[in-house]
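Input: a single structure, listed below in structure tokens.
Counting starts at 1 for both ligands and their atoms, following the listed order. Excluded from the calculations below are hydrogen atoms, water molecules and symmetry mates; all remaining heavy atoms, backbone and side chain alike, are included.
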Amino acid sequence: MSAVDLCGRIDAAASAVLARCGTPPSTAIVLGSGLGDFADSLGDAVTIPYGDIPHWPVSRVIGHAGKLVVATIHGRRVAVLSGRAHFYEGHDMATVVFATRVMARAGVRELILTNAAGGINTGFASGALMVMDDHLNLMGTNPLVGANDERLGPRFPDMSEVYSARLRRIADAAATSRGVAVTHGIYAGLHGPSYETPAEIRYLRAIGADAVGMSTVPEAIAARHMGVEVLGISCITNMAAGVLPQALVHSEVLETAQRVKGAFMALLEGIVERL
Ligand code: HPA
């Protein structure tokens, strides 16, 4: 896919979203596995199934609904994406970050990326919410590989502050005011789809990771490439492999997400209120 084609597809998708969504969104929220309920709680919403947006990838992972909801939350127009394309599904990186790029071209200035993650930091417990302070890109590639389209961003974008300090402070303030406990940490993004081995988790802990997951990192890089401010929030749905004497199952990820969704939704709402 040439850079010109890609930008054309992104703009076609952005135009289709803008044609249907009413007042354009200034903020976008991507909901991770099992966290999609937030989209169903919104009033004054326009729902656009992913299949209606040209070139938009459709995710088939259980726990991902596959729709874009644009709604007004505390006076702010927000695009909520339930379901994302994962690298482990076999999509190329351009496809994985397509939705991020469409949101940016549609005028979004702040992107809140949420995910389900395994807890590596032994001070965490399943159900904890972690504000991402930084990430380790261990996916083996980067969404910016290939010809750079200057219309999207620079060839060598700075990654000194992928996760905005301003938005992290807002997340902390929202957590305090809503009575939701949050922790902070470093997210390691891996290719997946197999969960990690206990040896891999010990290695990730040694290199500074607090949580591990299979998403978010490419989207955060693409968003920064385009000058969008990023906030990342992990729901620690399970302790990572080898931390507890039990096997990992995807159903636990969904069950934990379901258990904490009240706190998670209150946190998101509190953040949007303060933007
Ligand atoms: N590892 C990787 N990805 C995950 C995990 C995990 O333990 N839990 C939820 N997503």
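The nearest protein atom to atom 10 (N) of ligand 1, hydrogens excluded, is given as Ala116 O, 3.3 Å; this is a heavy-atom distance. Atom 2 (C) of ligand 1 has its closest protein heavy atom at Glu196 OE2, 3.2 Å. Residue, atom and distance of the protein heavy atom nearest to atom 5 (C) of ligand 1 are Gly118 N, 3.4 Å.
Residue contacts with ligand 1, taken as heavy atom pairs separated by less than 4.0 Å, involve Leu248 solely via side-chain atoms from C-beta onward. Only the backbone of Ala117 comes within 4.0 Å of ligand 1, judged by heavy-atom distances. The proximity of Asn238 to ligand 1, defined as any non-hydrogen pair under 4.0 Å, is limited to the side chain. Within the 4.0 Å heavy-atom criterion, the part of Thr237 lying near ligand 1 is the side chain and not the backbone.
Following chains of ILVMFWY side-chain contacts shorter than 4.5 Å, one can reach Leu190 starting from Leu136, so the two form part of one hydrophobic cluster. By the rule that hydrophobic residues join a cluster once side-chain heavy atoms approach within less than 4.5 Å of another member, Met93 and Leu138 end up as members of separate clusters.
Contact atoms of ligand 1 toward Met214: 2 (C), 3 (N) (distance under 4.0 Å to a heavy atom of the residue).
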Run Asn115 and Thr216 through side-chain hydrogen bond (donor to acceptor under 3.5 Å, both in side chains) and show every step you take. CA-CA 7 Å; Asn115 58 61; Thr216 303; 2.9 Å; yes
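Looking at Val243, Ile236, Asp210, Ile186 one by one, the single match for side chain to side chain contact (heavy atoms under 4.5 Å, CB included) with Asn121 turns out to be Asp210.
Salt bridge absent: Arg166 and Glu161 never bring a charged side-chain N and a carboxylate O closer than 4.0 Å.
Remark: the backbone N or O of Leu275 is paired with a side-chain donor or acceptor of Arg76 at under 3.5 angstrom.
Using the six-membered ring where Trp is involved, His55 and Phe98 have ring planes that are perpendicular, over 60° apart on the 30 and 60° scheme.
Between the choices Gly189, Ala257, Gly213, the shortest heavy-atom distance to atom 3 (N) of ligand 1 belongs to Gly213.
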